[in-house]
Amino acid sequence: SANSFPYDPSSAVCFSEAVQLLASLAMHAASREERQLSWESILRQSLALVIPAVLYVVHNNLVFVAHVYLSAPVYHLLHNIKILIAGVVHRLVLQQRLRLIQWMAMIQ
């Protein structure tokens with residue numbers, strides 16, 4: 001239609017990740033410590049973050065794709081269900097009880 005524009009999820013993800021990279025590099029430069037770190041120590045510290053970073057990129061990509069294929073109410077419903085799933089996983093996997101007020105907060 002006349003009021004719409006082409007939307008490419010992969011371009012949106014790429015732009016979003018580029019902005020986040022620039023922001024994190026700027027924050028790192030602003031908070032850089034006086035001591036110099038070797039490339040080996042930087043690489044070793046960064047390897048611990050590879051799996052969470054890859055999972056975040058996959059999640060971010062899926063969010064942009066979901067915006068294309070789902071209506072806004074359906075997307076928000078599915079997005080908010082993760083809070084309830086986190087409570088159930090907390091109860092089943094960690095075997096910790098949640099108080100009534102915590103369950104009520106999740107289903108509110």
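Side-chain atoms are counted along with the backbone in the values below, which use heavy atoms only and exclude waters and symmetry mates. All values derive from a computational prediction rather than experimental measurement.
- Side-chain atoms of N61 do not come within 3.5 Å of backbone N or O of V57 as any donor-acceptor pair.
- Counting all heavy atoms, side chain and backbone alike, L98 lies closest to H90 at CD2-CD2, 3.2 Å.
- When all heavy atoms are compared, the tightest approach of R99 to Q102 is N-OE1, 2.7 Å.
- At a threshold of 4.5 Å between side-chain heavy atoms, the hydrophobic network of Ile, Leu, Val, Met, Phe, Trp and Tyr places V74 and V63 in one connected group.
- No side-chain heavy atom of H59 sits under 4.5 Å from any side-chain heavy atom of L55.
- For the residue pair Q20/Y56, the side-chain donor-acceptor check at 3.5 Å is satisfied.
- Cluster membership check: I85 shares its hydrophobic cluster with L70, using side-chain heavy-atom separations under 4.5 Å among Ile, Leu, Val, Met, Phe, Trp and Tyr.
- Using a distance-only test at 3.5 Å, with no hydrogens or angles considered, no donor-acceptor pair links the side chain of E17 to the main chain of C14.
- Few gaps surround CG on L94; more than 12 heavy atoms of other groups in view lie less than 6.0 Å from it.
- Residues Q96 and R91 have side chains not in contact (no heavy-atom distance under 4.5 Å, counting atoms from C-beta outward).
- Across all non-hydrogen atoms, the minimal contact from S16 to N60 is OG-ND2, 3.6 Å.
- The 12-atom threshold is not exceeded at CD1 of I51, counting heavy atoms of other residues, nucleotides or ligands nearer than 6.0 Å.
- When side chains are defined from C-beta on, N80 does not count as touching Y75, because their heavy atoms never get closer than 4.5 Å.
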